[in-house]
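The structure under discussion appears below in the form of structure tokens.
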Amino acid sequence: MSESIGILGSGLIGRSWAMLFAGAGYKVRLFDIEPKQVESALKEIASQINELEKTKLLRGSKSAKEQIALISGASSLQECVAGALLVQECTPEVLEIKLKALRDLDAVVQSPTIISSSTSTHMPSVLSKDLRNKERFIVSHPVNPPYYVKLVELVPAPYTESWVPIKVRSIMEEVGQVPVSLKKEVPGFSLNRIQYAILNEAWRQVEDGVLDVADVDKVMSEGLGPRYAFLGALETAHLNAEGMLNYCDRYAPTINSVSHSMGPIPLMQGETAKSVHEQLCESIPIEKLQERRQWRDTCLTKLSILKKEV
Ligand code: NAD
């Protein structure tokens, strides 16, 4: 009999996790405080899995029918977590909602079930410090859309037992995601810290009148982005000289002096915020956002196919 995974919250991310775990052959039980959400999640998941099979993008070795059969709704939290290898918490990113959901989960979960949260912003210790089962708590933060963007940040709390990150990393690898294991919790984890550094500098360049919005975004989409789809910043540097030490000899003083000229962290408010918004709306009006998101997801799907080939 295959092992089971409980999913708490069947919105966008809960649905994605359900598909990923079923793809690897796990039985998945979805629970939501809104029973209607589970109903609509099961329907949408089945239709997405069937579509993925048709377009040959279905992950895992099981057929669409087999994967759909592995996913079911749970009518109670107890049923969702009973005997589960791991419970993935996917409730809204509102601290009070998450704390309440985790308290309820903590009351019914039994050792050795792992409690894993999808939170994008809350520190693991903030979410879990009062839990009875806190030593088996970890954050597993996915990137949207998880089916095509494979990174998962694994962030333990200071008291998380050492076997937990190791076990979760192996589960994530088994489902075909790409986990990175933070050795300690830091605000923003890794991805958002790097993303914020980029966002801050793009903002400064617009605020200082260096580039307009469309051009500063091209620096990423036509310059750094294509490279970074395959290599990280450090490997890029290693390849851009005769190895990293040579790169440091050649470029470290310049990088240091340019970095000192970057100025304070922007507040992202006021006139610049208005101007950035207006410039973005000229090419993507608010009513076209959904269309543009679909285009982005199509691009990411094609990129994930290319990454499998190279
Ligand atoms: P969502 O709003 O789409 O879904 C949340 C679901 O949780 C809803 O169906 C709601 O009914 C349910 N819920 C609320 N309280 C509950 C409870 N106590 N027990 C069970 N279910 C409950 O949210 P989402 O976008 O799927 O995000 C879920 C989590 O994933 C958040 O922590 C978010 O930060 C994280 N995340 C989201 C993204 C993204 O791009 N959407 C990316 C990475 C991580």
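We count ligands from 1, going down the list as the structure has it; atoms in each ligand are counted the same way. Positions are given from 1 along the sequence.
- Nearest to atom 13 (N) of ligand 1 by heavy-atom distance, out of L127, V94, V38, I33, is I33.
- Atom 32 (O) of ligand 1 has as its closest protein heavy atom E93 OE1, 2.5 Å.
- Counting heavy atoms under 4.0 Å from ligand 1, residue H141 touches it through the side chain alone.
- Side chains of Y147 and S304: no donor on one and acceptor on the other come within 3.5 Å.
- Atom 11 (O) of ligand 1 is flagged as protein-proximal [any protein heavy atom, distance under 4.0 Å].
- Proximity annotation for atom 18 (N) of ligand 1: of P146, A101, P145, A101 comes nearest, heavy atoms only.
- Summary of contacts: the protein heavy atom closest to atom 40 (O) of ligand 1 is N144 CB, 3.2 Å.
- Counting protein heavy atoms only, atom 14 (C) of ligand 1 is closest to P92 CD, 3.4 Å.
- In terms of polar-atom proximity, defined here as any N/O pair under 3.5 Å, L12 does make such a contact with ligand 1.
- Of all protein heavy atoms, the one lying nearest to atom 35 (C) of ligand 1 is S118 O, 3.3 Å.
- We find that E173 and R169 are joined by a salt bridge, their nearest charged nitrogen and carboxylate oxygen being less than 4.0 Å apart.
- Between E34 and ligand 1, no pair of N/O atoms sits closer than 3.5 Å.
- Salt bridge annotation for R29-E79: absent, with no cationic side-chain nitrogen under 4.0 angstrom from a carboxylate oxygen.
- Remark: E271 engages K274 in a salt bridge, criterion side-chain N to carboxylate O under 4.0 Å.
- Side-chain polar atoms of E53 and S63 form no donor-acceptor pair below 3.5 angstrom.
- Salt bridge annotation for E201-R204: present, with a cationic side-chain nitrogen under 4.0 angstrom from a carboxylate oxygen.
- Remark: the Q195 side chain and the N192 side chain contain an N/O donor-acceptor pair separated by less than 3.5 Å.
- Side-chain atoms of E153 come within 3.5 Å of backbone atoms of L191 as a donor-acceptor pair (strictly under, hydrogens ignored).
- A salt bridge does not link R293 with D297: none of the charged nitrogens is closer than 4.0 Å to a carboxylate oxygen.
- Looking only at heavy atoms of the protein, atom 43 (C) of ligand 1 is closest to P142 O, 3.2 Å.
- Scanning the protein heavy atoms around atom 4 (O) of ligand 1, the nearest turns out to be G11 CA, 3.3 Å.
- For D215 and K218, the salt-bridge test passes: some basic side-chain N is under 4.0 Å from an acidic carboxylate O.
- Only the side chain of I97 comes within 4.0 Å of ligand 1, counting heavy atoms alone; its backbone N, CA, C and O stay farther away.
- Looking at I13 next to ligand 1, an N or O pair under 3.5 Å apart turns up.
- Heavy-atom distances between K98 and ligand 1 reach below 4.0 Å in at least one pair.
- Contact detail for S10 and R15: the closest heavy-atom pair is O-NE, 2.7 Å.
- Of all protein heavy atoms, the one lying nearest to atom 44 (C) of ligand 1 is S120 OG, 3.2 Å.
- Of the protein's non-hydrogen atoms, the one nearest atom 5 (C) of ligand 1 is C90 O, 3.5 Å.
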